[in-house]
Amino acid sequence: MAPKASKMSKVRNIGIAAHIDAGKTTVSERILFYTGRIHKTGEVHDGEATMDWMEQERARGITITAAVTTCPWKDHDIHLIDTPGHVDFTVEVERSLRVLDGAVAVFCAVSGVEPQSETVWRQAARYGVPRLAFVNKMDRIGANFAHVVEDIEKKLGGANPVPIQLPIGAESNFEGIIDVVDMQAIRFGGKHGEVAERSDIPAELVDAANAARENLLEKLSDLDDALAEKYLGGEEITRDEIVAGLRAGTIANAIQPVLCGTALRDKGVLPLLDAIVDYLPSPLDVPPVKGIDPKTEETISRPPDPKAPLAALCFKVAMEEGRRHVFMRVYSGKLEAGSAVLNTTNGKTERVARLFKTHSHKKERLKEAEAGDIVLAAGLRFARTGDTLSDSKKQILLEEMSFLKPVISIAVEPKQNKDLEKLTEALQKLADEDPTVALSEDENTGQTLLAGMGELHLEILVDRLDKEFNVPVNSGNPSVVYRETVKKTARAEELFERIINEEKKEKVFARVIMEVAPRERESGTNFTDQRPDANKELYSVSDKDFMEMRQGALEALQAGPIDGYPVQDVELRLIEVETRPGETTTIALRVAAANAVRAALEAADPATLAPLMSLEVVVPEAMTGSVVGDLSSRGARIEGVDSEGDRGVVRATVAMTSMFGYSTDLRSLTEGRGTFSMRFSRFDVLD
């Protein structure tokens with residue numbers, strides 16, 4: 001193996017992802033401690049976690065922004081991204097998973113699979129990211145490892161969890177773990193659990209350990225014919241064969257090894273580090289990144305090779321001390337500090353002034369980055385989230401990222417008029433940094449509207465304006481961002497005829513018939529040419545004119561006929577075109593198509609779409625009825641009510657407009673003992 005390939009085989013680009021309060025930042029903190037990256041662990045509840053460096057994170061005890069670090073373990077370099085667990089900041093998880101090779105999904109041993117757990121699992125599955133599962137908080141009252149494994153299999157589509165560890169005890173009796181691969185018990189000694197002490201499996205757990213090992217061997221045999229032959233023949237399967245099978249199955253996304261522990265009590269993270277190295281892929285183990293050649297639009301790929309042409313993806317823009325920095329993953333080739341690169345997405349040439357390796361918010365200068373690296377770059381003026389950087393002579397355009405649209409907005413204005421320009425600049429930086437932030441102007445009041453993914457998201461943005469950008473603002477009450485759609489099919493004709501020169505009797509002419517029809521929710525908008533052949537032969541339209549008509553029709557959807565909200569989930573059909581030689585222009589066709597769409601929208605029974613949220617409320621079981629009654633009064637559609645031990649879990653779909661201030665109401669209703677989580681589901685017509 002070549003030296004470069006050998007180096008890359010020892011790189012792990014991984015993320016830690018979970019529902020809020022599952023303990024993933026504590027897991028990250030212990031990883032940093034055991035790898036020697038930090039020498040004292042900071043706790044989330046004390047506001048001292050290394051990866052939660054923002055003032056807003058430390059004040060609230062939650063992760064808001066994805067933080068990147070690099071740490072060594074057993075001759076490997078682990079590039080680690082700690083991601084947020086709160087639904088309002090799911091964009092951070094989305095863009096991190098886009099560039100990672102592997103992930104550790106952390107689950108609470110008490111709560112199991114929670115709503116955001118499902119979201120991050122789906123995100124990882126969409127990008128084909130191999131996963132390990134770590135069942136954390138085994139020391140908590142109500143911890144149940146077997147229940148969480150069952151939950152993963154039942155609730156997470158396509159999941160195939162394979163326990164490679166079992167807990168020794170649970171709750172206050174949690175002592176350590178059974179290693180099913182080596183068939184040994186592991187307990188953790190030393191001041192911070194840094195010593196893994198191995199011994200024989202306790203007699204009372206031998207049967208459970210044997211059953212778990214049989215399950216492991218069966219799952220691996222299903223994936224490998226050679227192993228299946230040995231297993232069915234009663235031959236011994238060696239440790240190396242088991243590890244190789246686990247690695248191959250994990251990388252192929254056929255299985256997900258499950259481990260357990262309690263990061264806060266320093267138990268179980270050392271074997272997790274070993275599993276990251278043993279089972280998650282290196283950049284060499286994942287398929288070459290694919291993209292298109294922007295000149296030919298052919299699909300091409302780039303291997304993870306420093307000698308190949310450059311291909312890098314910008315996955316996050318960050319403002320640090322007022323300066324613009326861009327996080328990127330280098331998939332192939334080499335990137336040198338001071339070099340010029342082509343931004344294939346926008347066609348602009350940019351200069352990479354400086355490169356850094358990061359540890360949370362601290363930076364170390366680099367001379368160059370190469371395939372497999374995740375780095376921070378300064379000096380890129382135009383790069384945005386999802387942009388591709390490539391070799392100008394051998395271009396490639398990687399798949400861009402798609403993000404959820406903002407669903408809630410507030411009006412903001414500076415407390416002092418002199419800060420108006422400063423506010424505009426700060427808001428633009430926030431929008432540049434976060435693709436789920438949108439800025440607009442209220443047509444009636446002229447106020448600036450700041451839109452985001454939820455109340456907490458907006459609260460953090462307003463706080464950052466004050467603390468980070470030194471622009472205190474007044475903000476109005478949150479208001480929901482709506483959309484519009486149509487309920488039936490309608491057709492409209494637009495005749496665009498104008499005299500542009502009275503003296504010369506010059507005219508412009510175009511006639512267009514458009515039809516609009518409803519599509520399924522969240523299916524997007526589509527434009528199709530449904531002109532009959534006779535119309536196409538009689539009135540020929542150039543490709544340029546056709547594209548202009550399409551653009552005009554799509555622009556008409558920017559403001560719907562009811563309240564001017566954007567229109568979505570509609571089919572646009574071009575039914576007929578009439579042109580006249582010497583009179584029909586590209587602009588006339590574009591305007592006619594746009595006006596025809598507007599008229600058709602008004603005739604197609606337009607409707608307003610409101611953002612609906614998926615809600616999960618966890619309360620003491622005796623209080624379930626009160627919570628269901630309160631949600632019903634808010635117009636929620638109850639999807640299910642389950643019992644989990646002494647807790648009741650209520651799942652519902654509810655309009656966001658009904659949920660403002662729900663946190664306070666739930667505390668009052670449940671004497672402070674209820675919790676809830678909410679995530680955007682879809683835009684839909686309210687019943």
Side-chain angles (χ1 to χ4, degrees), residues 5-18 24 27-28 30-32 34-35 37 66 68-83 93 96-107 117 120-121 123-136 152 156 158-165 179-181 216 219-220 223-224 239-240 242-261 263 268-289 304 329 331 371-374:
S6 176
K7 176 187 172 185
M8 210 179 303
S9 70
K10 295 183 179 299
V11 170
R12 300 290 182 271
N13 291 315
I14 69 156
I16 311 288
K24 63 187 168 35
V27 171
S28 299
R30 294 309 183 272
I31 286 175
L32 296 181
Y34 293 135
T35 58
R37 203 67 177 84
V68 184
T69 191
T70 301
C71 48
W73 185 251
K74 293 189 175 178
D75 199 29
H76 287 69
D77 281 335
I78 299 174
H79 300 156
L80 182 148
I81 300 181
D82 177 35
T83 64
V93 187
S96 298
L97 287 171
R98 172 68 173 82
V99 299
L100 292 172
D101 300 325
V104 176
V106 179
F107 299 91
S117 311
V120 300
W121 194 271
Q123 289 170 318
R126 184 165 64 250
Y127 293 123
V129 178
R131 280 142 281 168
L132 303 177
F134 182 73
V135 181
N136 192 30
I152 292 171
L156 301 178
N160 187 11
V162 181
I164 60 172
Q165 294 177 357
D179 183 339
V180 178
V181 175
L216 169 60
K219 290 285 183 79
L220 295 182
L223 304 175
D224 187 299
R239 182 189 188 280
D240 287 348
I242 292 174
V243 171
L246 278 168
R247 180 174 180 80
T250 304
I251 292 173
N253 269 311
I255 56 173
Q256 293 82 37
V258 185
L259 303 89
C260 63
V269 178
L270 283 173
L272 175 62
L273 273 165
D274 290 340
I276 288 169
V277 166
D278 289 342
Y279 307 130
L280 289 180
S282 75
L284 294 173
D285 296 315
V286 296
V289 67
R329 162 73 188 266
Y331 285 99
D373 286 340
I374 293 176

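All heavy atoms count here, side chains included; hydrogens, waters and symmetry mates do not.
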Quiz item: cation-pi between R30 and Y34, 6.0 Å / 45° =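 Judged by the rule (NZ or CZ under 6.0 Å from the ring centre, within 45° of its axis), R30 is not positioned above Y34.
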Is there a side-chain contact between [X] and [Y] in this structure, where contact means two heavy atoms from C-beta onward sitting under 4.5 Å apart?
X    : Y    : value
S28  : L80  : yes
H76  : R12  : yes
I276 : I14  : yes
I164 : P257 : yes
Y279 : V243 : yes
S282 : M8   : no
V27  : F134 : yes
V258 : V162 : no

Take L273 and I78 through the side-chain contact (heavy atoms from CB on, under 4.5 Å) test and state the conclusion after the steps.
-> CA-CA 9 Å; L273 273 165; I78 299 174; 3.8 Å; yes
Salt-bridge present ([X], [Y]; N to O < 4.0 Å):
X    : Y    : result
D285 : R247 : yes
D77  : K10  : no
D224 : K219 : no

For [X] against [Y], the heavy-atom pair lying closest together:
X    : Y    : result
S117 : L156 : O-CD2, 4.3 Å
P283 : G372 : CG-CA, 3.8 Å
I251 : P281 : CG1-CB, 3.8 Å
W73  : T35  : CE3-CG2, 3.8 Å
A254 : N160 : O-ND2, 3.1 Å
A159 : I152 : CB-O, 3.6 Å

So which of L132, I255, L223 actually passes side-chain contact (heavy atoms from CB on, under 4.5 Å) with L246?
->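 Answer after filtering L132, I255, L223: I255.
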Without swapping roles, check the side chain of R239 against the backbone of V181 for a donor-acceptor pair under 3.5 Å.
->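 No; zero donor-acceptor contacts below 3.5 Å.
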Measure from the side-chain N and O atoms of Q256 to the backbone N and O of A133, and report whether any donor-acceptor pair falls under 3.5 Å.
->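 It does not hold such a pair.
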Among all residues two or more places apart in sequence or in another chain, which pass the side chain to side chain contact (heavy atoms under 4.5 Å, CB included) test with A124?
->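 Here the qualifying residues are L97, V129, R131.
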Results of side chain to side chain contact (heavy atoms under 4.5 Å, CB included) for A248 - residues two or more places apart only =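 In terms of side chain to side chain contact (heavy atoms under 4.5 Å, CB included), with neighbours along the sequence ignored, A248 is linked to no residue.
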List the steps and the verdict of side-chain contact (heavy atoms from CB on, under 4.5 Å) for K74 and D274.
-> CA-CA 8 Å; K74 293 189 175 178; D274 290 340; 2.9 Å; yes
Run the numbers on R329 and D101 for salt bridge (charged side-chain N to carboxylate O under 4.0 Å, His left out), then give the verdict.
-> CA-CA 11 Å; R329 162 73 188 266; D101 300 325; 3.1 Å; yes
Test side-chain contact (heavy atoms from CB on, under 4.5 Å) applied to V135 and V106, step by step | CA-CA 6 Å; V135 181; V106 179; over 6 Å; no
